[in-house]
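Below you'll find the structure, written out as structure tokens, and then a few comments.
Only a predicted model underlies this, so the values are computations on that prediction, with no experimental measurement involved. The chains referred to below are lettered A, B, ... by the order of the sequence lines, with proteins before strands, and numbering in each begins at 1.
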There are 2 protein chains.
Amino acid sequence: MRLSKRGEYGLRAMIMLATQAETGAPMPMLQIKDMSQREKIPAKFLEQILLTLKNAGMLHSKMGVGGGYYLSRAPEQITLGQIVRALDGPLAPVNCVSQMAYEPCGCPDEATCGLRMVMGDVRNAISNVLDRTSLAEVTSRVDAVKTSINKP
Amino acid sequence: MRLSKRGEYGLRAMIMLATQAETGAPMPMLQIKDMSQREKIPAKFLEQILLTLKNAGMLHSKMGVGGGYYLSRAPEQITLGQIVRALDGPLAPVNCVSQMAYEPCGCPDEATCGLRMVMGDVRNAISNVLDRTSLAEVTSRVDAVKTSINKP
DNA sequence: ATAAAGTCTATAGTCGTAATAGACTTTTAT
DNA sequence: ATAAAAGTCTATTACGACTATAGACTTTAT
């Protein structure tokens, strides 16, 4: 049940951008170079990932000197499920229970397939986390931990 | 968040064996050939999978004419989580939240890593399904559907 | 004009998955 | 005793996806 590196790096980048957005900075933008250095992500790989996310409509960018990437919507409006799906495809463990990429799996009868029932549960369990968690919720959880450490 | 073919085939085989066990047949055994034909699984691949499961202690086998595989414990005592872990490794999407295969992921500080918090939730969500579902529960769900179809 | 930054496409390398092969061992039936 | 049926074990291949790198191009600020 692995998350790919592409998915991991993409999530890290989006979380960084959301954190930046919530600082209230006038232009909450980050550059590839910044992000790749902070989290030790290969820059050229990250570039592709951000491009994918941009083409999926989650990021905007500014070219040229002083450019960078920023979220195209408020952090509340972007879920982790959207990010993972854009980068890694369906959340479902098997295609026959996928909402976005259904395919029959070849078992004699889907209605009475035990595997399919359980994998449907797994898909829902994953979706209940990733589709209900927004970038804003992530940053606020991080903030909560950080302040509880500073004021014990 | 894919389940590998190995995992899928292994689960299918174990569910077949559990179904067989619950028929009350005197010797609830199935042969590789039977299982591979029923669910269109490449026989030689299934062979490897069953061997892995046997070495993990979930199956016993009988060699020679009239041999085959059978569950080493009651279907109630075997969870899907055990099967998936034996075949595909940890359930966790990233190693830094894995119970059975923890590894640091290289983020600056694990305690305040937003990705890690969420992936921990995902791991728990998956585990809450797979570790709490036994083969017996799968077969009884299948039976429930089958009888509700016959008596509408 | 130049340097900084994102865009885009192609391609290489690597690794895990899926599958196949084949020689060996055990057991049953005749 | 022997042959056929079945599981055991290890090696190896084939393939594709994932990861990463390269390089030429475009846009923008100073």
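An OP1 or OP2 oxygen of D:dT8 is reached within less than 4.0 angstrom by a side-chain nitrogen or oxygen of B:Ser61. The phosphate of D:dA29 (OP1 or OP2) has a side-chain N or O of A:Lys62 nearer than 4.0 angstrom. Phosphate contact (OP1/OP2 of D:dG7, side-chain N/O of B:Lys54, threshold under 4.0 Å): absent. Note on B:Tyr9: every side-chain N or O is 4.0 Å or more away from OP1 and OP2 of C:dA18. Within the 4.0 Å cut-off from OP1 or OP2 of C:dT7, at least one side-chain nitrogen or oxygen of A:Tyr69 is found. In terms of phosphate contacts, B:Ser4 brings no side-chain nitrogen or oxygen within less than 4.0 Å of OP1 or OP2 of C:dG16.
With 3.5 Å as the limit, one finds a donor-acceptor pair spanning the side chains of A:Ser61 and A:Lys54. Between the side chains of A:Ser134 and A:Glu76, no donor-acceptor pair of N or O atoms lies under 3.5 Å. Side-chain N/O atoms of A:Thr52 and A:Asn55 include no donor and acceptor closer than 3.5 Å.
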Pair A:Asn95-B:Arg2, side-chain hydrogen bond (donor to acceptor under 3.5 Å, both in side chains): steps then yes or no: CA-CA 9 Å; A:Asn95 281 337; B:Arg2 279 282 175 288; 2.3 Å; yes

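The nearest whole Å value for the distance from the CD1 atom in B:Ile32 to the P atom in C:dA19 is 15 Å. The CE atom of B:Met63 sits 18 Å away from the C1' atom of C:dA29 (whole-angstrom rounding).
Along DNA chain D, the nucleotide nearest A:Glu47 and the nucleotide nearest B:Gly68 are compared for position; the residue whose nucleotide lies closer to the 5' end is B:Gly68. Between B:Val65 and A:Ala43, the residue anchored nearer the 5' end of DNA chain D, judged by the nucleotide with its closest heavy atom, is B:Val65. Where B:Arg6 and A:Leu30 meet DNA chain C, the nucleotide closest to each residue was compared, and A:Leu30 sits on the side nearer the 5' end.
Residue side chain A:Gln48 does not reach the base of C:dT9 through any donor-acceptor N/O pair under 3.5 Å, judged by distance alone. Side chain A:Lys33 to base C:dG6: no donor-acceptor pair is found below 3.5 Å.
A:Lys44 comes within 4.0 angstrom of a base, heavy atoms only.
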